[in-house]
Amino acid sequence: MAPSKKGGKTAAAPVVAHDEDDLIQVTPAMKQQAAKFKAAGNNAFSAGRYYAATAEFTKAIECDPYDHIFYSNRSACYANLDQHSKACADARRCIELRPDFAKGYSRLGFALFKAGFLHDAMNAYERGLTVDPKNNNLIEGLGEAKLAQKAKIEAAKLSAQMDNVTLDEHVIGIDLGTTYSCVSVWRNGEAHVLTNAEGDRTTPSWVAFTEQGRLVGDAAKRQAAINPKNTLFNIKRIIGRQYSECAHELELMPFDVKEGEGGKPIVSVDVNGEKKDFAPEQISAMVLQKMKATAEAQLGVPITKAVVTVPAYFNDAQRRQTKDAGAIAGLDVLRIINEPTAAALAYGLDRREGENGEVIKNQCILVFDLGGGTFDVSLLNLQDGVFEVLSTAGDTHLGGEDFDTSLAAFAQKEIEKERGADIFTGDEKALRKLRTACEKAKRELSVANHANIECFIGEIEINMKITREQFEKVCEPTFQRCLDSVKRVLSDAGKKKEEVDEIVLVGGSTRVPRVQGILTEYFDGKTLNKSVHPDEAVAYGAAVQGAILAGVRDKQTSRVLLMDVVPLSLGVECEGRQFAKVVQRNTAIPCKKKSEFTTVYDNQDEIDVRIFEGERSNTDGNHLLGEFQISGIERASAGEPKIDVTFEVNTNGLLTVTAKDRVTGVEANVSLQHDRGRLTAEEIERMCAEAEAMAEEDERLARMREYEGTD
Ligand code: AMP
C-alpha cells in the first residue's frame, strides 16, 4: 500500500515505540568498561549472588545499550530472582538486538515459563528453533513447557471435579479492539480482566511476520518500524468490508492489501521469503488466538467458548466475519454483542444500587465510547435489571488516532517552520516517530497543562513544547464530530438531553479532558460517570454476558437480561431503486418481521429480492447485503400476487431472509448467499487447520531441563 504521504498532507501511520534510530554513540572506552562490568556480573552470577549480578549487568548496559549478551545475562538474573516481567523484557530486548541468537529465545521461554505463561513460552522456544533447529536447550524447554501445560490442565480438572463444577463453564469475553484487545472472565461473582504474557491487561491488536516467526500483540507492535510491510494493524477497519469501500483505510496502511475474490480485501505479507495472502478474519483470528491463550494460561484450562464484541455500527458482513475469525481461532463465538451494550452491562452491574442502597428502577444511560479508532454512542434504558438499547450511532473513523494525526500534522508544520526545511519529506520512519511522540504527549496532556513532543529525527533532536490549549485547538473539529453522534442518538430515540440520567465514558480517549468537557457542557454541567474502567469496560461486559450464557447463576448475573438492536434498517429494493424497510433500525433483537410485496408486470412469475441495509430511501446510498430470486409466483395481473418477505435477525445480529408466495406456496431464502466475501464452510475449515497448524507449532515434546548460565 502507498505509504503515508499524500499531497503534502500527513496521513496516519502506526504508533510504534521503537527507537532504533536514536542511537547513542558507544566509544571503545565505554565498550571496555562494559566488558569489565559484565565480567563482574558473571562472577556474581556463578556465585549465586543474583542481585549483585543484576547491578553489574545494568551498569554494562548503561555503558553499551546495544550488546545483546548483557540483556540475556540480566534476564537470567531476573529469572532467578523471580522478577518475571523484567526477565521477559530483557530477553525480548536481546532478541530485538540479535534475532539470530538462539539463547535469547530460551531466555524468553524460561522467563515466560516461570511466569506461568506456558503457551507463550512454547511459542518463544519454537521461534528459537527456527534460528537453531537442533538447539538442545530450546528442544528441552519446549518439552518442559508442554509437560507443565499438561499437568496444569490435569490439576485444574481435578480441582474442578472437587468443586463439582464443569470446566465448560468458562465463556470468556473478548473486546476485539481496533488498536487494543482485552479479555475477561467471570469468576467468583465478578468479571476479571486477564493479564497477558507481557503482564498487560490489554494487548495491541497487531500481528507481525518475521524471520523468526509470527508475533502477536506488543512484540509485533514494537518491531513495526523495522518491518512495516509485514506488520499488520487496524485490521478491524477492513474486516467484512469490500476492497472498494476501504480506500481511505488502505491509504493509511503501510502493508500490502489487494483486491481478492468477490471484491474482498486481502492482506499480502512476506513469510520466510514467500508471499502469503491472508483474509482479514485470519489476521483477527491470530489476535483472538492470543486472547484465548492468555485466558488459558491464567485459568489453566482449555477455552473454547467466547463472547466477542463489535462496534454498534458493524453491519451483517462485519459481524459474520468477526464470528468467522473466532472459529478460525478455535473459539465457538456464542454471541456477538455491541461494544456499548457490553459497557452498559458492566456499568449496570457496578451501579445496581443507588447511593442510599435503594435499587435503581429506571434509568436512561448514554454510553460514550471513544477508543483508538472507532466511536460508538448508545442510548440505553435500564429498568429492573433489563437493558434495552434505545438507539445507537457512531463513526467508524473517529478515535484517539485522529487526535494523534492532527497533533502530528500541527507539530510537523511547526517544526518545519522553525527548521526552515522539510525535514520529514518522504521519510516514513521520521513521521512515524513524530506520531509516537505526539501520542505520548497527548496522554500527558490528559493530566498536565503542557507536555513535550520529544524524538530524534536522524541526528536532529526534536523537543517541542505543547500546551493543552494548543492540543485542544487542533483537535476541536474532531471533538465536535463526537457531539454530532450524541445529538443523533438522542433524536433517534426521541429523547431530550435532560432525560439522560447517566453518561458513561468508555474507551481510552475519553481520558482527554476536552472530550469530557464538551459532554459536560452539552449536558448542562452534568457529572459524567467514569466508574467503569475505560479500557476494560467492554471486555468486562462481554464476560458478564459470557457468564449468563454459561449458565452461571448468581445474585448479579441472574438479574441481568440483555436486549440488543439492529444497528441499520434492513429491507428490500423496489421499483425505481426505492428502499422498502422491513426491519427498522434500532429494533430489538432477536426479531422476525414480515412485509408484503407484489409484482410490477402482468404474468410476472419471478422476482429478484435485493436486500440492503441503510437509512437512505434510495438503495444507491445503502449497502447491498445480497440477493436471491423467487420463481414460480402465481401468474396474475401486476400487483395481484402476494409475496411475504420475512427478515429474521438472530441473537448475534445475523440475518436470514425468506420470500414466500401466499398462493403457490413457493418459497426461497438467502441462506447466507447475501454475505459477499463471507467464507465458505470449507474455507473456514482450511483456515482453522492453518491456524491450528500455527498453534501446534506451540505444542511440544517433553522434559525438565537445566537452566543455562550467563555468557
Ligand atoms: P482503547 O481502544 O479504548 O484502548 O483506546 C485507545 C486510545 O486511547 C488510543 O488512541 C490512546 O492513545 C488513547 N488513550 C489512552 N490513554 C489515554 C490518555 N491518558 N489520554 C489520552 N488518550 C489516551
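In each ligand, atom 1 is the first atom listed, and ligand 1 is the first ligand listed. Predicted model only: the values in this text are computed from it and were never measured. FYI, the numbering just counts along the sequence from 1.
Under the 4.5 Å side-chain criterion, counting only non-hydrogen atoms from C-beta, T203 is not in contact with V287. Side-chain contact between F314 and I336 is absent, with no heavy-atom pair separated by less than 4.5 Å.
The backbone N or O of M286 lies less than 3.5 Å from no partner atom in the side chain of R214, so there is not a single donor-acceptor pair.
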Please set out all donor-acceptor pairs under 3.5 angstrom arising from side-chain atoms of residues 480-490, sequence neighbours excluded.
unit_1, atom_1, unit_2, atom_2, d
Q480, NE2, E476, OE2, 2.8
R481, NH2, D395, OD2, 2.9
R488, NH1, Y313, OH, 3.1

Enumerate, one pair per line, all nitrogen or oxygen atoms of ligand 1 lying under 3.5 Å from a protein nitrogen or oxygen, stating the separation to 0.1 Å; write 'none' if no such pair exists.
unit_1, atom_1, unit_2, atom_2, d
ligand 1, 2 (O), T179, OG1, 3.4
ligand 1, 2 (O), G372, N, 3.2
ligand 1, 3 (O), G508, N, 2.8
ligand 1, 5 (O), G372, N, 3.4
ligand 1, 5 (O), G508, N, 3.4
ligand 1, 8 (O), S509, N, 3.3
ligand 1, 8 (O), S509, OG, 3.3
ligand 1, 10 (O), K442, NZ, 3.4
ligand 1, 12 (O), E439, OE2, 2.5
ligand 1, 12 (O), K442, NZ, 2.7
ligand 1, 16 (N), R443, NH1, 3.3
ligand 1, 16 (N), R511, NH1, 3.2
ligand 1, 20 (N), S446, OG, 2.6

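Geometric assessment of K442 against the ring of F471 yields a negative cation-pi assignment under the 6.0 Å and 45° thresholds.
Between F233 and F255, the ring planes are perpendicular. Angles over 60° get that label, and only those under 30° would be called parallel.
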